[in-house]
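A quick write-up on the structure given underneath.
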Amino acid sequence: MLSCFSFLPSRFLNLIHNYLASNLFVFAIVCIFVRFLESFNTINIMQTIDKFNFAGKKAIVRVDFNVPLDENGKITDDTRIRGALPTLKKILADGGSLIIMSHMGKPKGKVNAKYSLSQIVDEVSNKLGVKVAFAPDCAKAADAAKALKPGEALLLENLRFYAEEEGKPVGIEKEDPAYEAAKKEMKAKQKDFAKTLASYADCYVNDAFGTAHRKHASTAVIADYFDTDNKMLGYLMEKEVQAVDNVLSNIKRPFVAIMGGSKVSSKIGIIENLLGKVDRLVLCGGMTYTFAKAHGGEIGNSIVELDKLDVALGVEELAKKNGVELVLGTDSVCCTDYDFASFSVKPGAKIEVFNSNNIPAEFEGLDAGPLSREKFAKAIEGAKTILWNGPAGCFECDEFTAGSRAIGDAIAKATAEGAFSLIGGGDSVACVNKFGLADKVSYISTGGGALLEAIEGKVLPGVAAIKGE
Ligand code: 3PG
Ligand code: MG
């Protein structure tokens, strides 16, 4: 085999020959061993998007294009679309063809024009730099997928127009004796649905970090229809998983988390978890009033979870036990008549600041007051690791942005002083973008619930499906 190099001294040739022979031998043994372990599912050699060549292949990519739209169907925050572009562009640049799939909103298995992805197809085309075709029925897109040529792209209609996507039976309550049978039937239909989606493509990429905490047809079940070499995480997924890993494995203190949002109940899991990790926890937004009420405060018309008063007190107790400084707002910007649908103050309505424990009956708290803002900013000052999820008020309306803005500004300042700041959740990301702070924070995640579950240390089904866990 080395005869063509006969001009080289034979001793030298022998040396090369022996080196290659022994290393090839070792290489072959390692390969056989790895295959052996793989066959027992002991380890799984994951495919990666970077090393995969999509030339001549059809790729079906799950993205999270669940982006906020205004009443005219215009995208108000495009973070999630921008986030998926590196993956989508790599596939097209390789000479692959692209089948893009996503959900939008919660249409619960029914076709609903309000949640149609046709509203975003032009914006996706603009960003991707190719005209993206649209398949109006995601489960009947075989011909459109087949017709795709290398470098072409197709966007499927909202996956959740089919109940099979979520795999939950609709129109039947859990308490109904027939529920279990309906669920079983739906699970079988979910597999067929996933199989149909899989049939459009040669390979599957999951780049929907925002939906990675859901075990749905397109985020998890579909992976069963591709072998290990032909399924992988996209660049965004890889980046997000890595960002969470970086925060959790290298927490620099003080670690300050800011949790907003309207309900204690939807955040209780992560709040309890964070109380085991952070030094300071700022709780703001609508949940302020459940805490105020738990202490016998007068909260007027403010949002409250009356059945969660004990949960609020439990959070305070746990914080004390763990030595975590719990920071709650003390005053609120309140309004007598706010329209949540159009994010506007109704004509003639009054806006005033009150103590959060003493809000008159006709007012509701809609933002953090000046004292609270100062308190929040002070809690964030000097932090070295920061996590922000959920706004401090109805930031969509200019009268009630100040609380979220104070938090955003304080995070930007701490970041400039060396903190690592991680922002997640559609509303907090929208705040950061609205206030022009996107390049003043360390990392903006496309995940809300997914990010929080990852931070809780839960295995995300969307990632596990690829890893074969
Ligand atoms: C989100 O915005 O939270 C994700 O797109 C997931 O959507 P879901 O919470 O409706 O499952
Ligand atoms: Mg959600």
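Values below: every heavy atom of this structure, side chains too, minus hydrogens, waters and symmetry copies. Remember, it's 1-based here, ligands and their atoms both numbered in the order they're listed.
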Handout entry: Distance flag, aromatic centroids of F400 and F395, threshold under 6.0 Å
Key =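 No, too far apart.
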Exercise for the section: Run the ring-centre check on Y338 versus F340 and record whether the distance is less than 6.0 Å. Expected result: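 That pair passes the under 6.0 Å test.
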Problem - Whether M104 lies under 4.0 Å from ligand 1, heavy atom - result: no
I'd like to check which ligand 1 atoms, numbered from 1 as shown, lie under 4.0 Å from a non-hydrogen atom of [X].
| X | result |
| --- | --- |
| R214 | 8 (P), 9 (O), 11 (O) |
| R80 | 1 (C), 2 (O), 4 (C), 5 (O) |
| N66 | 1 (C), 2 (O), 4 (C), 5 (O), 7 (O) |
| D64 | 4 (C), 5 (O) |
| K106 | 8 (P), 9 (O), 10 (O) |

Fill in the blank from the handout: If you scan protein heavy atoms around atom 7 (O) of ligand 1, the nearest is H103 NE2, 3.2 Å
Practice task
Give yes or no for whether the N/O distance cutoff of 3.5 Å, strictly under, is met between H216 and ligand 1.
Solution key: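 No.
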Problem - ligand 1 to R160 polar contact by distance, N or O atoms, under 3.5 Å - result: yes
Problem - Criterion side chain to side chain contact (heavy atoms under 4.5 Å, CB included) against V61, the qualifying member of L88, I99, N206 - result: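 With V61 as partner, side chain to side chain contact (heavy atoms under 4.5 Å, CB included) holds for just one option, L88.
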Residues [X], [Y]: salt bridge by 4.0 Å N-O rule:
| X | Y | answer |
| --- | --- | --- |
| K231 | D227 | no |
| K127 | E123 | yes |
| D279 | R253 | yes |
| D337 | K346 | yes |

Problem - Per atom 6 (C) of ligand 1, closest listed option by heavy atom (G210, G426, G425, G449) - result: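 The nearest heavy atom belongs to G210.
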